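Notes for the one structure printed next.
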Amino acid sequence: MTVTDILSPECLTDPTGVWETLRETEPLAFHEGMNAYVISRYADVERAFKDPVFTSDNYSWQLEPVHGRTILQMDGREHSIHRRLVTPAFRGGELTARFVPVMRRNTAELLDGFRHAGEVDLVDAFTTRYPINVIVDMLGLPKSDHVLFHRWYTSLMAFLANLTQDPEVAAAGLRTRDELAGYLLPRIAERAAEPRDDLMSVLCTAEIDGERMTAEEIKAFVSLLLVAGGETTDKALANMMLNLIDNPDQMARVRADRSLIGHALAETLRHSPPVQMIMRQPAADVELSGGTVPAGSTVVCLIAAANRDPRHYRDPDRFDVMRPDLDFAKAYTAAANHTGFALGRHFCVGAMLAKTEVEVAANALLDAMEDIELAEPVTAQGLFTRAPSALRLRFRPVAG
């Protein structure tokens, strides 16, 4: 019997077979339990991200209860202004000058905990902490609050990934929402009154056409940044390191030419994306492969399945940092030809931030660790997002 249920135990264990079956036999599948249509072919997922008929109204129930109303729900002029308000902090010179030193410092501090040990669980000791620590420091919040934010981020992620609607997980997410608001709103008021040299002050003082973000909008953006910037970078870095360890020829290439770290991340976002699915909601009936999606339905866009579609990529299950059919020059732009950051007007505003974070971290890890190998078998976990829950490695420490 072929399995096409994305909530099945088989899919949780290894979704690739389920993705393939859906793509080939049921490219438009209705999932009763989720009351949603599931799409898995690249052309359909690409259309769901780019065609204006597909809205992000689903975020009103999926995200808003814990984050408040975020940029992901906005359209038209409102979306354009908010995107222009936040984008400069995550691009180009601003990103390099202001935040790369923060990334380097956090990388070094975490590395110092294991660089001479010869063995490490890279997830626990590094990947799950690094992006959150960077975001907390970028915002100009106390280092002593790293642990607090790590707990909040874990709770918010559990709420978003709660596809079975477990009431305890939902309740914990709502408690976190209130705790986070109680923590952030007074600090946002402080920065608005007396700006400093940090990201929260940038958000408080940024102005487009005479408009600024409200305190509630800044709080919602910071809350979203914790999850979108934390979870994705954490899992992308873990998946990328595993892909390189599993493919020694690719690891050797990247070690020899560090400019290929960006390629390795882009290919990881295609081959084993940390975010496996994103939802959309069409404003009108839409024809896709396999039938019609009615207006107002929830559509689950299987990013991970689309990125392994043989109609779009040759030999899609192979990990290749020089893949000829992946446009590496555009991999971190809205013109990308993979769906790891979504596409179109809601393309991930933090794509360059994620790339920079991973490049800084991976360079330092490769400098400190030679002959990296798995100390025990690895099991990926998760459905909404997916990565190893542990990545226990053995390595030869580099002197210095």
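Model, not experiment: these values are computed from the prediction.
Under a 3.5 Å cut-off, the side chain of R270 and the backbone N or O of P316 do form a donor-acceptor pair. The backbone N or O of A354 lies less than 3.5 Å from no partner atom in the side chain of Y332, so there is not a single donor-acceptor pair. The backbone N or O of R386 lies less than 3.5 Å from a partner atom in the side chain of N239, making a donor-acceptor pair. In terms of modelled atom types and a separation under 3.5 Å, the side chain of Y42 and the main chain of Y313 share no donor-acceptor contact. No donor-acceptor distance shorter than 3.5 angstrom exists from the side chain of D327 to the backbone of N337, with no hydrogens or angles considered. Side chain of N106 to backbone of P131: no donor-acceptor contact under 3.5 angstrom is found.
Atom CZ of R253 has 12 or fewer neighbouring heavy atoms from other residues, nucleotides or ligands inside a 6.0 Å radius. Enclosure of atom CD in E194 is not indicated, since only 12 or fewer non-hydrogen atoms of other residues, nucleotides or ligands lie within 6.0 angstrom. The 12-atom threshold is not exceeded at CD of E20, counting heavy atoms of other residues, nucleotides or ligands nearer than 6.0 Å. Heavy-atom neighbours of K330 NZ from other residues, nucleotides or ligands within 6.0 Å: at or below the threshold of 12.
Listed by chain and number, the residues in a salt bridge (Lys or Arg N to Asp or Glu O under 4.0 Å) with D309 are R311 (sequence neighbours excluded). Qualifying side-chain contact (heavy atoms from CB on, under 4.5 Å) partners for V18, counting only residues two or more places apart in sequence or in other chains: V3, C11, L22. Listed by chain and number, the residues in a ring pair (Phe, Tyr, Trp, His ring centres under 6.0 Å) with F149 are W152, Y183 (sequence neighbours excluded).
Ionic pairing of R258 and D367 is present here: one or more N-O contacts between side-chain nitrogen and carboxylate oxygen are shorter than 4.0 angstrom. Looking at E190 and R187, no side-chain N of the basic residue comes within less than 4.0 Å of a carboxylate O on the acidic one, giving no salt bridge. A salt bridge between D371 and R396 is present, with a side-chain N of the basic residue lying under 4.0 Å from a carboxylate O of the acidic one.
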| request: Check the pair D137, H146 against side chain to side chain contact (heavy atoms under 4.5 Å, CB included), reporting the backbone distance first and the verdict last. | output: CA-CA 9 Å; D137 289 0; H146 280 180; 3.0 Å; yes
(message) Apply side chain to side chain contact (heavy atoms under 4.5 Å, CB included) to residues F114 and M369 and explain how you reach the verdict.
(response) CA-CA 10 Å; F114 63 86; M369 304 160 71; 4.2 Å; yes
| Can you check side chain to side chain contact (heavy atoms under 4.5 Å, CB included) on M200 and L184, steps first, answer last? | CA-CA 10 Å; M200 194 177 288; L184 285 175; 3.9 Å; yes
Take M251 and L366, measure what side chain to side chain contact (heavy atoms under 4.5 Å, CB included) needs, and give me the verdict at the end. CA-CA 10 Å; M251 174 71 92; L366 295 178; 3.8 Å; yes
Could you give me the CA-CA distance, side-chain angles and deciding distance for K50 and E46, then say whether salt bridge (Lys or Arg N to Asp or Glu O under 4.0 Å) is met? CA-CA 6 Å; K50 289 184 171 180; E46 179 183 40; 3.3 Å; yes
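Placement of V300 and L12 within a single hydrophobic cluster is found when ILVMFWY residues are connected by side-chain heavy-atom separations under 4.5 Å, directly or transitively.
Closest approach of A362 to M240, counting heavy atoms only: CB-CE, 3.7 Å. M322 and L260 get closest at one heavy-atom pair: SD-CD2, 3.8 Å.
A side-chain N or O of T292 and one of E287 form a donor-acceptor pair less than 3.5 Å apart. Side chains of T268 and N243: a donor-acceptor N/O pair is present below 3.5 angstrom, by distance only. A donor-acceptor pair shorter than 3.5 Å cannot be found between the side chains of H271 and D320. In summary, the side chains of T16 and D317 do not present any donor paired with an acceptor at a separation below 3.5 Å, with no hydrogens or angles considered.
Put simply, CG on L7 and CD on E32 are 12.5 Å apart, with the number rounded to the nearest 0.5 Å. R280 contributes atom CZ, which lies 8.5 Å from atom OG1 of T55 (distance to the nearest 0.5 angstrom). D44 CG to R23 CZ: the interatomic distance, rounded to the nearest 0.5 Å, is 12.0 Å. With values rounded to the nearest 0.5 angstrom, T128 atom OG1 is found 10.5 Å from L110 atom CG. Between T4 atom OG1 and H31 atom NE2 the span is 8.5 Å, to the nearest 0.5 Å. Rounded to the nearest 0.5 Å, atoms CG (L203) and CE (M213) are 5.5 Å apart.
Tested against M277 for a side chain to side chain contact (heavy atoms under 4.5 Å, CB included), the candidates L383, I39, T385 yield a single pass: L383.
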